[in-house]
Undergrad: 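Once you've had a glance at the structure underneath, I'll fire off some questions.
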Amino acid sequence: MPRKATKAKEGEPQPADAAQEEPVPAPAAPAAALTEAEVGELPKAIVRRLVKDKLSHVAGGEGAEVIVNKDAMAAFAESARIFIHYLSATANDMCKESKRQTISADDVLNALDEMEFSEFVEPLRTSLQEFRNKNADKRSEANKKQKEKRRKLNEETPPEKENDPADDAKENDE
């Protein structure tokens, strides 16, 4: 709420800021806050690892040393970011056409096909199925461990007999 300007009486000292009514600037953002560009960036270490892994396979095997300069890494990262934005927008359009709000894996696969990257659809579908199977195995193992833990816990602590008013009534009748 802006301050009201008050008239100073003659002969009284005026505060330095009373002569100029300027709005107080908003506090600066904390130094740790990310800029808009940094929020949209992909992690550099991941991009570097992906590029080097792929290029080393192409260059002649696991031990092949591949050198990629800093500008090229930035270009790879920016290209990947743009591709992800385009793919997500296309998948979102597919989702909205189906009158849904949640993007599914099938929307992403259909978007790749729509964007004329159909050669990636089958390898991605295979990779997705492997991922699902791996997670299903992990979940079933976790469920088995949880059930075993519960069973052991139930064996260790015998169930306590609860006093049932109906049982008490039967005992009193006898």
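One-based numbering along the sequence shown.
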Undergrad: State the CD1-NZ distance between I103 and K96, to the nearest 0.5 angstrom.
TA: 9.0 Å

Undergrad: Under 4.5 Å between side-chain heavy atoms, counting indirect links through other Ile/Leu/Val/Met/Phe/Trp/Tyr residues: same cluster for F76 and I46 or not?
TA: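 No, F76 does not connect to I46 through the hydrophobic network.
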
Undergrad: Count I, L, V, M, F, W, Y as connected when their side-chain heavy atoms are under 4.5 Å apart, and connections chain through other members. Are Y86 and F120 then in the same cluster?
TA: yes

Undergrad: Given side chain to side chain contact (heavy atoms under 4.5 Å, CB included), test L124 with E119 step by step and report yes or no.
TA: CA-CA 9 Å; L124 181 58; E119 65 272 11; over 6 Å; no

Undergrad: Locate the shortest heavy-atom distance separating M94 from N110; write the atom from each residue and the value.
TA: CE-O, 3.6 Å

Undergrad: Please report the closest heavy-atom contact between D107 and T102, naming both atoms and the distance.
TA: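 Taking every non-hydrogen atom into account, OD2-O, 3.8 Å.
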
Undergrad: CD of E97 to CG of N92: how many Å apart, nearest 0.5 Å?
TA: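 That separation rounds to 10.5 Å.
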
Undergrad: Considering only NZ, NE, NH1 and NH2 on the basic side and carboxylate oxygens on the acidic side, decide whether E148 and K145 come within less than 4.0 Å.
TA: no

Undergrad: Evaluate the side chain to side chain contact (heavy atoms under 4.5 Å, CB included) criterion for residues I84 and L42: first the C-alpha distance (whole Å), next the side-chain angles of each, then the deciding distance (0.1 Å), finally the verdict.
TA: CA-CA 10 Å; I84 290 169; L42 295 173; 4.1 Å; yes

Undergrad: Does a side-chain N-to-carboxylate-O contact under 4.0 Å join K144 and E141?
TA: no

Undergrad: Which heavy atom in S104 sits nearest to a heavy atom in R100, and how many Å separate them?
TA: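 Minimum heavy-atom contact is OG-NH1, 4.1 Å.
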
Undergrad: Do side-chain atoms of S127 reach the backbone of P123 as a donor and acceptor pair under 3.5 angstrom?
TA: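 No, because the side chain of S127 does not come within donor-acceptor range (under 3.5 Å) of the backbone of P123.
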
Undergrad: Provide the closest heavy-atom pair for A72 versus N69 in the form atom of the first, atom of the second, distance.
TA: N-OD1, 2.8 Å

Undergrad: Grab the two heavy atoms, one from A111 and one from A91, that are nearest each other, plus how far apart they are.
TA: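 Smallest interatomic distance, heavy atoms only, reads CB-N, 3.6 Å.
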
Undergrad: Going from CG on L87 to CD on E114, what distance comes out if it is rounded to the nearest 0.5 angstrom?
TA: 11.5 Å

Undergrad: Is the number of heavy atoms from other residues, nucleotides or ligands under 6.0 Å of F83 CZ greater than 12?
TA: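 Yes, because the 6.0 Å sphere around CZ of F83 holds more than 12 heavy atoms from other groups.
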
Undergrad: Transitively linked via ILVMFWY side-chain contacts under 4.5 Å: L50 with F117?
TA: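 L50 does not cluster with F117.
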
